[in-house]
Amino acid sequence: MSFQIPRGTQDILPGEVEKWQYVEQVARELCRRYNYQEIRTPIFEHTELFLRSVGDTTDIVQKEMYTFEDRGGRSITLRPEGTASVVRSFVENKMYGNPNQPVKLYYMGPMFRYERPQAGRFRQFVQFGVEALGSNDPAIDAEVVALAMEMYRSLGLKKLKLVINSLGDVESRKAHRQALIDHFKPRIGELCEDCQSRLEKNPMRILDCKKDRDHELMATAPSILDYLNDESRAYFEKVQAYLTKLGVEFEVDSRLVRGLDYYNHTAFEIMSNAEGFGAITTLCGGGRYNGLVEEIGGPETPGIGFALSIERLLAALEAEGISLPVSQGIDCFIVALGEKAKDESVILVNQLRQAGLSVEKDYQDRKVKAQLKAADRLNAKYVAILGDDELANQVINLKNMATGEQTEVPLNEFVQYVKKALE
RNA sequence: GCGGCUAUGGCGAAGUGGUUAACGCACCAGAUUGUGGCUCUGGCAUUCGUGGGUUCGAUUCCCACUAGUCGCCCCA
């Protein structure tokens, strides 16, 4: 019996992992420029944290959590998203007392959702996300959105669509909610089962229904934008004004409803327009979550953030035919012939490595020809050939694999010579 | 959770109810007894996801399971 990787998970192998490293590096650099600092929280938390923050009527909580009891009888859940943990840590570590407000954090790491895998959906996936806690300035909303967009743009993605909406504050939402119920209730029977159950629980989600998208009740449904109170409206307008000033193109879609309970005011989503991208086009989702910090036991603190999936980011790059500038190939391969040369090659390899070069040799007892072939496969820039003849004369043959040129180099100058040749 | 499709060597992929399971790539060896990328020659699956059934006989038919894949729901 052999073992298989658990469903919905993946091994990221050499050849692929370089792309991940590149993207991660871009994300970190971006955060450095925007002054977001990394936070690393555990990948599991007490289940209760997610029930409270994400919301117990959401799909994530109702059917997608990896929840188990540990040996101490505690209910533990592998994190399905990052915001809850960051907010928990923010409160637990009293970061609201930090004189540098807002507190701007980012994270990158695996998230877990028990779902049926398909294109762009996994049970373990990696999210990069940022959170800005402690500011109610629409400029920070714009900054967060701009950061997300820059992440994609800087990697070369073009076919993107940024959609924003405002869910308003508690008062606005309440008024809108009632309007929705009044609108749909008389004819709710015409909508799908899911929508019928959404009516009382979360009528806003009816607007997001894919099945009844074209039903006439949808087109005539009250828009949240008409129910924003003056304050919420002014806030939303300011966010849009800042985005425009930043040169970030967007579209307002009053039907954009984020899936988690904690969102209010600004909500946004970035999607890929690339052809053949598959059914799941959402690359990034985020929004404001004023009230969440209090919900988790901290002082009243506004917050906004986003999360994006590295898997989907890479898929989008693939769909647009963009290849990342990942370096490949080694600097030098040392071919050794005979026992003495082999012993000597071990030392030479080490010397080159100490000098900072990427170096390899043969460990399979291959013949010269096969060693050269191996060097070629590794994309070696140079191959150094050492045999009895060279050893006797204290020289080594250095071959440039691109041109085929070969020069004899005194052994005692070898390391310096190769280093120089590579410049 | 529901539905469609799929499952053959390291990879891609053909195939048939019945003696040796195509082919391509990769890999290894030789032609070239110390020189890669080209060429030629040879080698490389007692075995067709797992388990069960039908049959004289199954990789090929049936069932279940597992996994992949695409879609629904929903999301990143």
Side-chain angles (χ1 to χ4, degrees), chain A residues 1-10 13 15 54 57-64 79-83 108-129 148 192-195 197-198 202 205 208-212 256-260 269-272 276-286 305-316 333 335-338 341 362 364-391 396-406:
Chain A
M1 183 60 201
S2 56
F3 291 100
Q4 275 181 318
I5 193 169
R7 186 160 207 203
T9 66
Q10 51 183 347
L13 308 177
V54 175
T57 63
T58 61
D59 276 12
I60 289 183
V61 167
Q62 287 191 329
K63 53 182 204 188
E64 296 171 4
R79 62 182 185 191
E81 59 103 41
T83 303
M108 204 158 16
M111 304 295 162
F112 306 84
R113 291 186 200 171
Y114 191 90
E115 291 191 274
R116 190 92 183 251
Q118 73 183 71
R121 174 191 289 163
F122 305 90
R123 287 188 173 180
Q124 175 176 329
F125 56 101
V126 176
Q127 278 189 342
F128 159 58
C192 73
E193 274 180 38
D194 287 332
C195 284
S197 69
R198 284 173 183 134
N202 195 341
R205 290 236 186 92
D208 207 29
C209 181
K210 306 287 189 291
K211 273 185 208 155
D212 295 320
L256 172 68
V257 177
R258 303 288 311 143
L260 314 186
E269 208 166 276
I270 299 170
M271 286 165 281
S272 172
F277 189 66
I280 299 174
T281 55
T282 303
L283 301 177
C284 172
F306 72 72
L308 65 84
S309 143
I310 307 290
E311 288 82 358
R312 289 184 189 176
L313 166 53
L314 291 172
F333 188 101
V335 170
L337 307 131
D362 170 68
Q364 304 301 114
D365 243 335
R366 286 193 258 244
K367 297 184 177 170
V368 201
K369 187 184 170 73
Q371 289 192 45
L372 259 304
K373 215 172 171 185
D376 193 47
R377 259 201 306 268
L378 291 172
N379 239 311
K381 295 187 187 77
Y382 285 91
V383 168
I385 301 160
L386 188 68
D388 291 337
D389 299 347
E390 286 88 350
L391 219 44
I396 189 164
N397 265 306
L398 189 65
K399 178 169 185 166
N400 179 323
M401 291 297 272
T403 64
E405 284 175 67
Q406 194 163 309

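These numbers were taken from a predicted model, which means no experiment stands behind them.
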- Answer with base, sugar-phosphate or nothing: what part of the nucleic acid does A:Ala375 contact at a heavy-atom distance below 4.0 Å? nothing
Heavy-atom contacts, protein to nucleotides 38-45 of chain B, under 4.0 Å, summarised as B (base), S (sugar-phosphate only) or - (none) per nt, yield --------
With the side chain defined as heavy atoms from C-beta on, A:Thr282 is closest, among B:C72, B:G34, B:A76, to B:A76
Contacts of A:Leu337 meeting side chain to side chain contact (heavy atoms under 4.5 Å, CB included) (sequence neighbours excluded), chain-then-number -> A:Val368, A:Ile385
A:Glu115 meets the side chain to side chain contact (heavy atoms under 4.5 Å, CB included) criterion, sequence neighbours left out, with A:Glu64, A:Arg113, A:Arg121
Would you indicate what A:Gln4 reaches in the nucleic acid, counting non-hydrogen atoms under 4.0 angstrom: base, sugar-phosphate, or nothing?
sugar-phosphate
Which of B:U35, B:C72, B:A67 is nearest the side chain of A:Arg121? It is B:C72
What contact category does A:Gly8 fall into here, base, sugar-phosphate, or nothing, at under 4.0 angstrom with non-hydrogen atoms? sugar-phosphate
Note to self: So A:Leu308, base contact, sugar-phosphate only, or nothing? Heavy-atom distance under 4.0 Å.
What the structure shows: nothing
query: A:Gly129 near the nucleic acid: base, sugar-phosphate alone, or nothing, with a heavy-atom cut-off under 4.0 Å?
result: nothing
Handout entry: B:A67 to B:U55 separation - P atoms, rounded to the nearest Å
Key = 31 Å
Rounded to whole Å, the CG-P distance (A:Asp59 to B:G1) equals 14 Å
Out of B:U35, B:A76, B:G71, minimum distance to the side chain of A:Lys399 belongs to B:U35
Taking B:A76, B:G36, B:U35 as options, the one with an atom nearest any side-chain atom of A:Met401 is B:G36
Notebook entry, point to check: Which whole number of Å gives the distance between the P atom of B:U54 and that of B:G43?
Noted result: 41 Å
Please classify the nucleic acid contact of A:Arg123 as base, sugar-phosphate, or nothing, using heavy-atom distances under 4.0 Å. nothing
**Nearest-angstrom distance, C1' atom, B:U8 to B:A14** = 10 Å
Rounding to the closest angstrom, what is the interatomic distance between B:C48 and B:A13 at atom C1'? 13 Å
Heavy atoms only, 4.0 Å cut-off, all strands: where does A:Gly338 land among base, sugar-phosphate and nothing? nothing
Out of B:C73, B:U35, B:A76, minimum distance to the side chain of A:Lys63 belongs to B:C73
Residues A:Thr282, A:Glu269; criterion side chain to side chain donor-acceptor pair (under 3.5 Å); working and verdict: CA-CA 7 Å; A:Thr282 303; A:Glu269 208 166 276; 3.3 Å; yes
Its dot-bracket string being built from Watson-Crick and G-U pairs below 3.5 Å, with | for another strand and [ ] for crossing, RNA chain B has the pattern (((((((..(((.....[....))).(((((.......))))).....(((((..]....))))))))))))....
Rounded to whole Å, CG of A:Leu372 lies from P of B:C28 at a distance of 13 Å
- Give a yes or no on whether a donor-acceptor pair under 3.5 Å exists between the nucleobase atoms of B:G34, that is its base, and the side chain of A:Glu390. yes
Q) Roughly how far apart, to the nearest Å, are B:G34 and B:C25 at atom C1'? A) 29 Å
A:Arg377 has its side chain closest, among B:G36, B:A67, B:C27, to B:C27
Considering only heavy side-chain atoms of A:Lys373, the closest of B:A76, B:G30, B:G36 is B:G36
Treating A:Arg312 as the side-chain partner and A:Gly120 as the backbone partner, does any N or O pair qualify as donor plus acceptor under 3.5 Å?
yes
P gap between B:U6 and B:G49, integer Å:
14 Å
Could you list the protein-to-nucleotides 3-8 of chain B atom pairs, N/O on both sides, closer than 3.5 Å?
| residue | atom | partner | partner atom | Å |
| --- | --- | --- | --- | --- |
| B:G3 | O6 | A:Arg116 | NH2 | 3.2 |

Taken to the nearest whole Å, NZ/A:Lys381 to P/B:G36 is 21 Å
- Message: Given the structure, check if the side chain of A:Gln371 and the base of B:U35 hold any donor-acceptor pair shorter than 3.5 Å.
- Response: no
Query - Atom P, compared across B:G18 and B:G42: separation rounded to whole Å - result: 29 Å
- prompt: Can you tell me how far C1' in B:C72 sits from the matching atom in B:G52, rounded to whole Å?
  reply: 32 Å
Next on the checklist: Using only modelled atom types and a 3.5 angstrom limit, is any donor from either the side chain of A:Glu115 or the base of B:A76 paired with an acceptor on the other?
Outcome noted: yes
Sorted by chain and number, sequence neighbours left out, side chain to side chain contact (heavy atoms under 4.5 Å, CB included) with A:Arg7 holds for A:Arg116, A:Pro117, A:Arg123
key: Donor-acceptor contact below 3.5 Å, side chain A:Glu81 vs main chain A:Met111   = no
Of B:A76, B:C72, B:A67, the nucleotide closest to the side chain of A:Phe122 is B:A76
With the side chain defined as heavy atoms from C-beta on, A:Ala370 is closest, among B:A76, B:C70, B:A29, to B:A29
Next on the checklist: What's A:Ile280 touching, base or sugar-phosphate or nothing? Going by heavy atoms closer than 4.0 Å.
Outcome noted: base
Regarding the side chain of A:Asp389, the nearest nucleotide among B:U69, B:G34, B:A76 is B:G34
Worked verdict on A:Glu311 versus A:Gln10 for side-chain contact (heavy atoms from CB on, under 4.5 Å):
CA-CA 10 Å; A:Glu311 288 82 358; A:Gln10 51 183 347; 3.5 Å; yes
With a 4.5 Å cut-off on side-chain heavy atoms, are A:Asp362 and A:Val335 touching? no
Can you check side-chain contact (heavy atoms from CB on, under 4.5 Å) on A:Leu308 and A:Leu283, steps first, answer last?
CA-CA 6 Å; A:Leu308 65 84; A:Leu283 301 177; 5.8 Å; no
Taken to the nearest whole Å, CG/A:Leu378 to P/B:G37 is 15 Å
When rounded to whole Å, the OH to C1' distance for the pair A:Tyr114 and B:C2 reads 14 Å
